[in-house]
Trainee: 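Please see the structure below; I have some questions.
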Amino acid sequence: SFPETRVRYWSAYLLFYERQDGRPVVPKSPTGKDVRKPNGRSLPRGDSLSQLAALIQAGEQQGLFQSSMPPDLQQEVHTQNLRFMLNKDIYSTQYFSFIKRLVCCPLQGDVVTEAGVVAGMKLALHFLCNTYFTTKGALRAEVHSWVDSVKALLQASSQACTFLVNFVSQQEGTLYIRPLLLECPTRDVRITFASLIHAVLEVCLKRNISLCDSLLQLLLNMVNQYVSSNLRNSDAFFSLFHEYGRLGTRACEHLLTQNMFSCLVGLLLAGPQLQQSTAGSKWTPGEIPELLPLHLALATAVLHCDLSYARTDDPGETLPPRPTSIVAPEQYIKTPVAVQACISGEQARAYVNEVVWVFTQGSTPPSSMVEMLLHCCYCNRHFSLLLLASLKQYIRTTATSELRGLLTTLQEVLMLEDPLQTARLDSVIKGTNNDGLIGLMRGSHTSDSTRTYQCVKFLVHLANKSQPAKEYLLEVSSGWKWAVSWLQRKMQEHQYRPQQSNVSNELSSSRSFQRTMSAQSTLAEATALLSELQPDSVSQVDDQLDLD
């Protein structure tokens with residue numbers, strides 16, 4: 001180890017600049033005899049610091065350092081010093097709080113004037129775009145307070161709302177939209193700026209909806225120009241349309257009138273064409289967080305459309321499903337051509353595949369997307385079979401650890417009560433050409449027992465929640481009896497180990513079945529269902545339930 005007290009050596013460097021208008025005069029290095037202190041006393045030889053001081057003093061005496069700094073260089077140094085002091089005072093929480101109080105001053109008096117509110121809006125907009133959004137995160141602690149202040153200004157003055165719409169729609173404002181809404185690497189800045197634009201749209205919806213037409217057109221034109229190249233940062237951009245559509249039927253109708261649906265669907269389905277017979281997506285799982293608001297915006301628009309034109313069967317006494325993720329519309333919108341193409345037209349298969357693919361990337365499917373599918377399936381045989389075919393294909397090919405979202409969506413579709421419910425159950429459980437769940441279980445029970453178990457568990461839960469599904473399952477007793485016998489045999493082959501209680505057949509990527517408490521409960525429920533049709537089979541299951 002080094003001693004606490006050490007001798008340290010320091011090096012110093014001195015730069016000499018040569019004049020371009022003449023030969024420089026370089027002072028001679030003083031010798032030990034020439035080096036003297038200002039009082040005339042000699043310095044000890046070897047004192048390098050003293051020699052350096054003497055060398056500088058000698059240079060000053062010879063006029064080497066008398067020339068002043070060049071004016072342009074001196075001006076640059078002065079400008080940088082001023083900029084440093086300015087930034088030091090501006091980029092501080094005290095200054096930010098002062099500006100916010102100044103912005104809110106027009107709202108605090110007894111009389112609120114349009115001119116004062118517009119002045120406050122101008123100050124807030126320029127300060128946020130040019131200063132506040134460019135600072136580091138520690139200085140943006142009051143971002144929600146700033147959004148509330150801008151909303152208060154918009155609600156207090158129609159002229160302030162008009163100014164903000166005109167500002168972001170003109171050339172000066174467009175210089176801020178793309179950097180702050182799409183290209184900014186900081187997510188909270190993108191979300192905050194999107195919140196400001198959403199506040200403008202919300203106020204325009206209540207006052208003059210046509211005022212924000214130019215703003216919506218500007219945003220939609222950016223989809224093809226800039227969004228595709230900045231998809232990694234486009235979540236806040238797509239959330240704008242989703243949040244605006246959630247304001248109600250009038251907002252959705254406004255978006256559909258501005259061709260929002262065709263614009264976003266064009267981006268979603270653009271790129272390499274998918275094979276019509278295979279399920280898949282051209283997007284990667286890492287792009288799901290950015291694409292999810294796009295899907296939600298499309299689903300919200302479809303939920304407000306009248307799809308009665310596409311019904312193939314008479315609803316009879318059944319009622320259409322009522323959405324819970326949005327405010328149920330009192331009057332539906334006439335379905336635009338772009339929406340018809342994705343529900344019953346040539347783009348239906350590709351659009352359904354993209355929607356179902358989203359369900360493979362999470363355990364809980366978005367409720368608005370599931371409700372949109374139910375809205376489209378109601379009394380619509382063509383769309384129902386198209387959706388079920390895509391779901392069955394994904395259930396066959398998706399990893400077993402990613403099946404939960406698919407099976408949850410499939411359960412909701414099969415529980416939809418309308419004249420086509422039995423047809424949907426038949427398509428999923430029996431299928432055509434052995435493509436149903438019974439055929440899948442028989443084909444994968446040796447090579448992929450985890451997938452087979454999840455299908456058995458899915459049918460058990462479906463039968464417990466839906467009486468029509470339970471009745472249909474009892475009609476195909478032969479296939480159901482085989483599934484229960486297979487699960488009994490797998491439980492006998494595997495011994496339950498309490499120390500492996502965290503093992504799950506639903507979350508594991510392994511293809512091998514594991515005996516768990518959940519599997520034990522599934523076997524009991526499956527046996528109970530089978531006993532309603534074949535009471536003699538109860539004793540066989542009871543013997544199995546006593547095993548360790």
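Numbers here are sequence positions counted from 1. Quick caveat, the model's predicted, so the values are computed rather than measured.
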Trainee: Centroid separation under 6.0 Å, is that true for the rings of His375 and Tyr332?
Mentor: yes
Trainee: Checking Arg187 now: which residues fulfil side-chain hydrogen bond (donor to acceptor under 3.5 Å, both in side chains) with it, not counting sequence neighbours?
Mentor: Asp235
Trainee: State yes or no: are the ring centers of Phe127 and Phe96 separated by less than 6.0 Å?
Mentor: yes
Trainee: So which heavy atom on Met121 is nearest to which on Leu164, and how close?
Mentor: SD-CD2, 4.2 Å
Trainee: Does Thr398 use its side chain to pair, donor to acceptor, with the backbone of Tyr394 at less than 3.5 Å?
Mentor: yes
Trainee: To the nearest 0.5 Å, what is the distance between CG on Asn380 and OG on Ser308?
Mentor: 11.0 Å
Trainee: Going by the angle between their ring planes, with limits at 30° and 60°, are Phe98 and Tyr95 parallel, tilted or perpendicular?
Mentor: tilted
Trainee: Within this structure, what is the CH2-CG distance for the pair Trp283 and Leu294, rounded to the nearest 0.5 Å?
Mentor: 8.5 Å
Trainee: Is it true that a side-chain atom of Arg232 and a backbone atom of Pro185 form a donor plus acceptor pair closer than 3.5 Å?
Mentor: no
Trainee: Going by the side chain to side chain donor-acceptor pair (under 3.5 Å) test, which pairs reach into residues 239-252, not counting sequence neighbours?
Mentor: Tyr244-His254
Trainee: Counting distance only, does the side-chain N/O of Glu371 pair as donor-acceptor with the main-chain N or O of Thr324 below 3.5 Å?
Mentor: yes
Trainee: Would you say the side-chain atoms of Thr131 pair up with the backbone N or O of Leu128, donor to acceptor, closer than 3.5 Å?
Mentor: no
Trainee: So, the side chain of Asp418 versus the backbone of Cys379: is there a donor-acceptor pair under 3.5 Å, distance only?
Mentor: yes
Trainee: Which pairs count as ring-ring contact (aromatic ring centres under 6.0 Å, His included) when at least one residue sits in residues 106-126, sequence neighbours excluded?
Mentor: His126-Phe167
